Amino acid sequence: MKQLRRDYNALNNPPKVGKNTFLKLLAKQWVNYSFVLPAAIFLLVFIAYPVLFNFRMSFQDVRAINLLNGGADWVGLTNYRTILANTVFHQAARNTLIFTAGSVLFQLSIGLALALFYNLEFPGSRWMRGLYLIAWTIPIIVVAAVFRWLFDGQVGVFNYWLESLRIIEDNIFWLSEPDVALGAIIFINIWLGIPFNMALLLAGLQGIPHELYEAAEIDGANVPQRFAFITFPLLRPALFAVTLLGLIYTFKVFDVVWATTQGGPFNTTHLVATLAFRTIFVQFQFGTGAAMLNLLFVVLFGISLLYLWNLRYEEAR
């Protein structure tokens, strides 16, 4: 009874916080915030400020002649109207969608197939799947140089293989013919992304308890049934996360295209990122290029929000 009375009095008469106690609590909070301060400064200086600066520039007629003196005229939505009426931008946007869809689809499907294969226990499986990650660590400029040689129309090995298999009769200039150039770029990007997809999906597969497969096998479930009712449902969060990460990465690809075709031939491989780069740093139309990048940022920001929502949803489950 006395303990209950003391608890009641403590709840109804909380101790008063003196000035010194308040200052100590405030100092303790500032110590905690000081650990976050460097990251916050980095985000403000290198992410928030460039985004806001680019957003403001998209509403101005910024060119090389008035970039430094700050004399750019405010033009409102003129830059956005210009790019939305530009046929080259329409082609670049269409190429970006085709490039993203083709790359993510094949990276995910091939990565899943390899993850399922290397999830099996057989001699050499561990070091063989480690070899795939070597391709992911090679600098992209090196990969682009190698594939430019492989896809060369005269001395390229790719033509030699296809001619040996009697698939083609004449040499194909893969990176300079408008009909096949975008497909060749997609092929290069698929090759680059397969190890990343395989590694993440393999980690998801190894997190599935093996006892579930043993119980299903005892109950008479075959391989397709075990995949449909065990593997796929439990791997679905990892598949969704890998897909969203692939969309975010692929939608903003620049280096692969610029190191191989620079958007050619005849703008057939231009993506929104490469077209914006050419508009800004080759044509010096900074306002128009900033508007292109803002549209790209809006799409990527929406996908990023979807990815964050998926993380919170999986944590809640």
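Values in this document were obtained by computation on a predicted structure and should not be read as measured data.
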* Write down the atom of Ile186, the atom of Gly102, and the distance for their closest heavy-atom approach. => CG2-C, 4.2 Å
* Asked: Do the side-chain N and O atoms of Thr269 and Thr261 include a donor-acceptor pair separated by under 3.5 angstrom?
  -> yes
* Asked: Got a second to check how far Glu177's CD is from Asn171's CG, nearest 0.5 Å?
  -> 9.5 Å
* Asked: CZ/Phe297 to NZ/Lys252 distance, rounded to the nearest 0.5 angstrom?
  -> 12.5 Å
* Closest approach of Asp152 and Asn159, non-hydrogen atoms and distance? -> O-ND2, 3.5 Å
* What is the ring orientation for Phe151 with Trp174, classed by angle as parallel under 30°, tilted 30 to 60°, or perpendicular over 60°? -> tilted
* Asked: Taking the side chain as C-beta and beyond, is there a heavy-atom pair between Asn86 and Thr288 under 4.5 Å?
  -> no
* Under 3.5 Å donor-acceptor, Gln225 side chain and Asn222 backbone -> yes
* Asked: How are the rings of Trp161 and Phe158 set relative to one another: parallel (under 30°), tilted (30 to 60°) or perpendicular (over 60°)?
  -> perpendicular
* Structure fact -> To the nearest 0.5 Å, atom CZ of Phe147 lies from atom CG of Asn189 at 10.5 Å
* Asked: Say you draw a straight line from CZ of Arg63 to CD of Gln283; how long is it, rounded to the nearest 0.5 Å?
  -> 10.0 Å
* Ring centre gap for Phe59 and Tyr80 strictly below 6.0 Å -> yes
* Do Glu217 and Arg226 have side-chain heavy atoms sitting under 4.5 Å apart? -> yes
* Heavy-atom donor-acceptor pair, Ser109 side chain to Phe106 backbone, under 3.5 Å -> yes
* Asked: Step by step, would you call Leu295 with Val272 a side chain to side chain contact (heavy atoms under 4.5 Å, CB included)?
  -> CA-CA 9 Å; Leu295 294 179; Val272 174; over 6 Å; no
